[in-house]
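Presented below is the structure to which this report refers.
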Number of protein chains: 4
Amino acid sequence: MTARSPAKLKPRKMPIQARSQATIEAIFEATIQVLLQGGARALTTNRIAEKAGVSIGTLYQYFPGKEALLYALVGRHLDKAGEAVERACRVHGGMSLADCADLFVDAYIDAKAGDVAVSRALYHASTELDMQDLGAAMLARLHQAVRGLLEHAHGGQPETLDTIVFSWVAVVTGGTRVLFEQDGTIERLPAFRAQLKLMSRAYLDILGTSDMRTDHTRNGECYLAKT
Amino acid sequence: MTARSPAKLKPRKMPIQARSQATIEAIFEATIQVLLQGGARALTTNRIAEKAGVSIGTLYQYFPGKEALLYALVGRHLDKAGEAVERACRVHGGMSLADCADLFVDAYIDAKAGDVAVSRALYHASTELDMQDLGAAMLARLHQAVRGLLEHAHGGQPETLDTIVFSWVAVVTGGTRVLFEQDGTIERLPAFRAQLKLMSRAYLDILGTSDMRTDHTRNGECYLAKT
Amino acid sequence: MTARSPAKLKPRKMPIQARSQATIEAIFEATIQVLLQGGARALTTNRIAEKAGVSIGTLYQYFPGKEALLYALVGRHLDKAGEAVERACRVHGGMSLADCADLFVDAYIDAKAGDVAVSRALYHASTELDMQDLGAAMLARLHQAVRGLLEHAHGGQPETLDTIVFSWVAVVTGGTRVLFEQDGTIERLPAFRAQLKLMSRAYLDILGTSDMRTDHTRNGECYLAKT
Amino acid sequence: MTARSPAKLKPRKMPIQARSQATIEAIFEATIQVLLQGGARALTTNRIAEKAGVSIGTLYQYFPGKEALLYALVGRHLDKAGEAVERACRVHGGMSLADCADLFVDAYIDAKAGDVAVSRALYHASTELDMQDLGAAMLARLHQAVRGLLEHAHGGQPETLDTIVFSWVAVVTGGTRVLFEQDGTIERLPAFRAQLKLMSRAYLDILGTSDMRTDHTRNGECYLAKT
DNA sequence: TATGAATGAGATTTCATTCAT
DNA sequence: TATGAATGAAATCTCATTCAT
């Protein structure tokens, strides 16, 4: 996690004894449980401590407040997802754009889908707080990873490439989020995943076949000749 | 507002008199102001009433509670956006798929971009409450509008079409949301808009050229031959 | 009260209805009662509210916190005492120094002795908080009053006079405080008052008979010829 | 330490080993540091232990509680000051009253002024707790010392002498305290010291020249003929 | 209808102290 | 003896909501 945490959000103490590690783990787990069962409204430090089987005081030994706890938890989850995507993106031999498309879409959705329920719960919790920076860090991370992925597959200008990567990442992450956030749409995930790949391939393809060296937009207006 | 509101969330009275209308308007406006200035944390009913220049008692004359107030406000905003998109989508003569793509992307982003700050503020506020149904209603509405848009432009199976529409809508709304939610990414909106159109056209195009009568996915697995 | 209060110490709301005044009065009264019965340790906002017969929420409508409440209460008491002393000191016709001595000592002790118990309670409570400025304001006020009292009775240099006034005020207020703070010494007050007058007269006298135009100290060392 | 300590306030064990002594010393020192840095509000046992470089458990090995720790620390400081004054007062050959006055004032202020900051810090800390008895003990001690000082210098009735001594001690200690407690008045200490001597001499002198065998007050009313 | 004083459940957080290791 | 993780009672403070005027 590269984002710098304001003082209020930094964990309080580095556990020395092994017991501490278990306690922190229990608190994290309990937080997720509470979130899953009662939603963001039910997420109180007392409930977390109770569910974790520790006293409220113990919770505050490790985190200066609820926000810090959530910050750490969300950060950890995002880190995991970010790492997974990065790992996947590093294995880029001579891949076609279509393969790149599939690779990123699969890597991202798999990272999120690992535990759909937890992802959903954390999505909701994180908007409660000011976790802009975590989201921004994640976005930046994905951007780098995807940039590395595409750099080898085409030869566009850096600036253009950035716009493409940014847009693609936004679309993949944002689109996936819609599915996770709505009740009852998660069953559409397989179909959505396929369509997302299709869309990504089509997008990258069209960028690749046309001259990538030229920007397809002028003043933010698209002028690519319609097929 | 198409979403059914639970009893607790319905406005308390149908204001007919102009004075009432003005009061409600003031309350809505104040809510947005408070949200913009202090964020979701500062959004208290007392503060809203104060900023609106009415007493807390008056506020409760018009809304049974805080949630109802927010529900109504967010609903109104979504309604406006939904209507705008619907209106745009109704004007579909013999449009090409590419034109459809541009049409929807522009309609949606324009609807949101009308007041970026307010949209952002309400995004945040809405996650505080349980407004799943508002989001779902919006999604359904957009789905219908986009479905109507595409039905004329191609002749696929209804089921396949639904998947396409769902995915496209998710990607456009979700992707746009990423821009709105992050600090400092809104300046990328013009470029993003162009890329989103490009992507949408490419997506719809590839679906149109291949046989839309067959589903490109089987068991959620994409099998479209890679170009 | 001339001292500027930091934001955290300012009362929260100016009561509009008459009911409010009564509530505030009740809270002040309850604060004193709790202080008298349980000491500074027992002084909690909940206890105060309970004793005042109002809810804890009501207390916080008027004061942003315990400190602010105490600040206001102590300020009010000091104000009363300060005013009493000022009033007394204004009546200075052609008084002798001895009369001046008696006047100030009596005025100050009378102001404090009005309600010994309350004074003691507030002395203790005020050290809990950071009320330096209230004490400083009181001291400054007394200084002015006493300065006015003595200016007419002698003709020393302003600077010398300030030192004298400062020392005398310190001795009278500090000495009195010792009596009030200790358990079981309050019965000595009459005798102490007499001695304090004696001492004050002797002090002012000796300053008056010697040349007030010269400073009796040099480098902080006293060089007044011993009688 | 002459004051009797309630069971709860007695140090837990008599440390004989040098290591223990060092630990206790470190705890005392840390307490003062914390007090100086963060004030009474920041004075927590955990912080003290941390600053002292020992574990919280160790702190509780040596003191049964926070109060006991402070009690011991304040007691030690008062003891030092008391001893210093006593020592000074014992050296009374055939001293004049004026010399006595100077002696006590200097002895007391010097004892306090040794470390102004520490004195101030402990002043504040001591009001947090119930340390009436320490203050009373100190007062009694000073009373004895000053009584011994004055007994040789005049031949008044014991009862009258007690009143004089009590008043003088109150005035010297209380007056000095005013300077120490207020921010920014400590620079006036040299001038104040001189004035306090002046006042003390004048006071003792006037008592000495008039018939000390008679009480100058009757029913608490002063009737000493004004010079 | 409008007002705003009052409510109080409940959330956050602290910190003196204990006790298993 | 030393350690430090754990405790939990208790304090502070908020804010949605009610209701007498």
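Below, read A as the first sequence line, B as the second, and so on, with proteins coming before strands; counting in each chain starts at 1. Below, each value reflects all heavy atoms present in this structure, side chains not excepted, and no hydrogens, waters or symmetry copies.
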Working to the nearest 0.5 angstrom, can you tell me the gap between [X] [atom1] and [Y] [atom2]?
X       : Y       : atom1 : atom2 : answer
L78(C)  : L122(C) : CG    : CG    : 8.0 Å
Y60(D)  : L69(D)  : OH    : CG    : 9.0 Å
R12(A)  : F63(A)  : CZ    : CZ    : 11.0 Å
Y62(A)  : I27(A)  : OH    : CD1   : 7.5 Å
R120(B) : L35(B)  : CZ    : CG    : 11.5 Å

Can R76(C) and E25(C) be counted as an ion pair, charged N to O under 4.0 angstrom?
-> yes

Please give, in whole Å, the distance from [N] [atom2] to [X] [atom1]?
X      : N       : atom1 : atom2 : value
Q21(A) : dA6(F)  : CD    : P     : 11 Å
F63(C) : dA6(E)  : CZ    : P     : 12 Å
K66(C) : dT14(E) : NZ    : P     : 16 Å
L59(D) : dC15(E) : CG    : P     : 15 Å
L69(C) : dA11(F) : CG    : P     : 16 Å
L70(D) : dA16(E) : CG    : C1'   : 13 Å
E50(C) : dA11(F) : CD    : C1'   : 14 Å

Salt bridge (Lys or Arg N to Asp or Glu O under 4.0 Å) with R47(A): which residues, sequence neighbours excluded?
-> none

Residue list, salt bridge (Lys or Arg N to Asp or Glu O under 4.0 Å) with E29(D), at least two apart or on another chain = none

Just list the side-chain donor-acceptor pairs under 3.5 Å for residues 48-59 of chain D, sequence neighbours left out, or say none.
| unit_1 | atom_1 | unit_2 | atom_2 | d |
| --- | --- | --- | --- | --- |
| K51(D) | NZ | Q37(D) | OE1 | 3.0 |
| S55(D) | OG | G57(D) | N | 3.4 |
| S55(D) | OG | T58(D) | N | 3.2 |
| S55(D) | OG | T58(D) | OG1 | 3.1 |

What is the minimum heavy-atom distance between L9(C) and A68(C), and which atoms define it?
-> O-CB, 3.6 Å

Looking only at heavy atoms, what is the nearest atom pair of V118(C) and H77(C), with distance?
-> CG1-CE1, 3.1 Å

Identify the pairs formed between an N or O of the protein and an N or O of nucleotides 8-10 of chain F at a distance under 3.5 Å, and give each distance.
| unit_1 | atom_1 | unit_2 | atom_2 | d |
| --- | --- | --- | --- | --- |
| dG8(F) | N7 | G57(A) | N | 3.4 |

Counting only side-chain nitrogens and oxygens, does [X] get under 4.0 Å of the OP1 or OP2 atom of [N]?
X      : N       : value
T45(D) : dC15(E) : no
Y62(C) : dA6(E)  : yes
R12(C) : dT14(F) : yes
Y60(C) : dC13(F) : yes

Most 5' of G53(A) and V54(D) on DNA chain F, judged by nearest nucleotide = V54(D)

Give, ordered by number, those residues of residues 25-35 of chain C having at least one heavy-atom distance below 4.0 Å to an atom of DNA chain E; if nothing qualifies, reply none.
-> none

L43(B) near the nucleic acid: base, sugar-phosphate alone, or nothing, with a heavy-atom cut-off under 4.0 Å?
-> sugar-phosphate

Which range-with-range stems can be found for DNA chain F when each stem has 3 or more Watson-Crick or G-U pairs in a row and both distances sit under 3.5 Å?
-> E:2-21 with F:2-21

Among the nucleotides dA6(F), dT3(F), dA16(E), which one has an atom lying closest to any side-chain atom of T23(A)?
-> dA6(F)

dT17(E), dA2(F), dA2(E): which one has an atom nearest the side-chain heavy atoms of Q61(B)?
-> dA2(E)

Short side-chain to backbone donor-acceptor contact, Q132(B) and E181(A), under 3.5 Å | yes

